[in-house]
Amino acid sequence: MIPPGYQKAANFTDLMDGKTLEAEVGPLPIFLHRRGDQVFATGVYCAHQDFRLNPSNCSGDTILCPAHGYRMNIRTGACLNEPDLFLPTYPTLVENGEVWVRLI
Ligand code: FES
């Protein structure tokens with residue numbers, strides 16, 4: 001049973017291992033990053049100055065913002081360039097082949 005507050009974001013089979021997919025949960029665009037059996041959800045705007053990030057700039061566990069070259073960890077949201085900045089991250093669940101995200 002899915003706990004309250006989670007919304008379906010994708011089917012697990014839509015996600016390729018090691019890749020990042022853009023999805024929408026309600027009105028909010030998010031990125032879903034599949035790493036093996038785990039899925040991490042993050043925001044799509046850079047922690048530095050809100051530049052729109054591109055899934056193609058995700059490599060391993062980091063996503064690069066081309067605006068000023070900042071890198072953010074997709075598992076923790078931590079910005080590798082400025083420790084006070086974080087990319088939003090959201091809890092996820094994978095259940096019965098579906099990926100669920102809690103936005104708050
Ligand atoms: S806006 Fe992303 S690095 Fe500056």
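Whatever order the structure lists ligands and atoms in, that order sets their numbers, starting from 1. These values consider heavy atoms only, across backbone and side chains, with no hydrogens, waters or symmetry-generated copies.
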For the residue pair Asn11 / Thr13, report whether a side-chain donor-acceptor contact shorter than 3.5 Å exists.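 Short answer, no.
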
Name whichever N, O or S atom of His68 ends up nearest to atom 4 (Fe) of ligand 1.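 Restricting His68 to its N, O and S atoms, the minimum distance to atom 4 (Fe) of ligand 1 goes to ND1.
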
Report yes or no: is the cationic atom of Arg102 (NZ for Lys, CZ for Arg) closer than 6.0 Å to the six-membered ring centre of Tyr90, at no more than 45° off its axis?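 Because its charged atom misses either the 6.0 Å distance or the 45° angle limit, Arg102 does not stack over Tyr90.
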
Under 4.0 Å from any heavy atom of [X], which atoms of ligand 1 are there?
X     : answer
Tyr70 : 3 (S)
His48 : 1 (S), 2 (Fe), 3 (S), 4 (Fe)
Cys65 : 1 (S), 2 (Fe), 3 (S)

What I want to find out is whether Arg71 reaches Glu82 closely enough, with some N-O distance under 4.0 Å, to be called a salt bridge.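 No.
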
Looking at Arg35 and Asp61, does any basic side-chain N land under 4.0 Å from a carboxylate oxygen?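 Salt bridge present between Arg35 and Asp61.
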
